[in-house]
Amino acid sequence: MTSPRRSSEVSWSSYRESIGDRSGLFEGLTDTWAIERALYLGSYVDLSPSVAIPAVTYVDVDRRATRFFADEQRVAAELHGRARPGAATEVKYLDADFTAALAVEERSVDLIISLFTGPCWDGCERYLRADGLFLANASHGDASLAALDSRLTLVAAVTHRDGAYRWNTHDLDRYLVPKKPANATAEAIRASGRGVAYTRPAFAYLFRYEPAPAPARD
């Protein structure tokens, strides 16, 4: 007789009870932007991107997440009946520290996700294709650092209210305006480990990546 699962084992369904269901966030994202491949840094067991995106690579070092993703049947069962047609065709997991090099091909993903992750852009920019998208929030400083990078342009702000996500693509100049401009420096953000407080906050921000052109050869 098979022993029942221990109550201490994590699952996406139990995790949703604590953070809410982010599926609508990614459904709204893919309704507007074409995304085939995504990289989710510090994902824990949040499978919500796979509800709408065909191929997602999840990255974390948490042992509970590693055990969860190792059970491929369990992951498939959690997504069954929730993923859109064409989504969740490829679900990968890397038990890895994103501050070191990852087993991900450079310029191969359409979207990098950083939600409550911590500064990752500098080390992981290499994986995002030109004109790709970076989704981040300001909790641990990622969106605040992204706002200072001239290669990134804000294309949408996401608000979250009553369980629903709303994508705003208009009047974006009202977002990412610091309450205290003196604190909006890369040095201050990294030193504090926190994002900048903005006059008009959002749940998350979507940036488009436009890398600087390579220097011309003689």
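Just so you know, residue 1 is the first one in the sequence shown, and it goes up from there.
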Taking it one step at a time, do D21 and R82 satisfy salt bridge (Lys or Arg N to Asp or Glu O under 4.0 Å)? CA-CA 11 Å; D21 189 357; R82 299 185 63 90; 2.5 Å; yes
Measuring only between side-chain heavy atoms, which start at C-beta, is [X] closer than 4.5 Å to [Y]?
X: D31; Y: W167; value: no
X: D131; Y: R129; value: yes
X: F134; Y: R151; value: no
X: R37; Y: E90; value: yes
X: S11; Y: E78; value: yes
X: F207; Y: D149; value: no

Criterion salt bridge (Lys or Arg N to Asp or Glu O under 4.0 Å) on R107 and E125, from CA distance to verdict: CA-CA 8 Å; R107 307 298 177 215; E125 163 268 333; 2.6 Å; yes
Of all heavy-atom pairs between [X] and [Y], which one has the smallest distance, and what is that distance?
X: V155; Y: R208; answer: CG1-NH1, 3.1 Å
X: A204; Y: L115; answer: CB-CD2, 4.2 Å
X: P178; Y: V196; answer: CB-CG1, 3.7 Å
X: A38; Y: I53; answer: CB-CD1, 4.0 Å
X: L111; Y: L29; answer: CD2-CD2, 3.6 Å
X: A184; Y: L148; answer: O-CD2, 3.7 Å

Residues V158, N137; criterion side chain to side chain contact (heavy atoms under 4.5 Å, CB included); working and verdict: CA-CA 9 Å; V158 189; N137 65 357; over 6 Å; no
Donor-acceptor side-chain pairing of D46 and S48 below 3.5 angstrom: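 Present: a donor and an acceptor within the cut-off.
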With distance as the sole criterion, is a donor-acceptor pair present between the side chains of Y198 and S144 under 3.5 Å?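 Side-chain D/A pair, Y198 to S144: present.
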Yes or no on side chain to side chain contact (heavy atoms under 4.5 Å, CB included) for V75 and Y93, after CA distance, side-chain angles and deciding distance? CA-CA 11 Å; V75 170; Y93 176 76; over 6 Å; no
Transitive ILVMFWY side-chain link L47 to L94, under 4.5 Å: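 Looking at the clustering, L94 is in a separate group from L47.
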Hydrophobic cluster identity match, L133 and L128, side-chain contacts under 4.5 Å: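 Shared cluster, no.
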Candidate list [options], test side chain to side chain contact (heavy atoms under 4.5 Å, CB included), partner [X], passing option:
X: V91; options: V56, T57, L79; value: L79
X: L41; options: I113, D60, L102, T99; value: L102
X: Y175; options: D173, V177, L172; value: L172

For the OG atom of S114 and the CG atom of L39, what is their distance to the nearest 0.5 Å?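 Spacing of OG (S114) from CG (L39) equals 10.0 Å.
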Please lay out, stage by stage, how V51 and E27 fare under the test side chain to side chain contact (heavy atoms under 4.5 Å, CB included). CA-CA 7 Å; V51 167; E27 290 171 334; 3.5 Å; yes
Step by step, would you call V104 with F98 a side chain to side chain contact (heavy atoms under 4.5 Å, CB included)? CA-CA 11 Å; V104 177; F98 63 75; over 6 Å; no
Evaluate the ring planes of Y40 and Y58, with Trp represented by its six-membered ring, and classify them as parallel (under 30°), tilted (30 to 60°) or perpendicular (over 60°).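 Ring orientation of Y40 relative to Y58: tilted.
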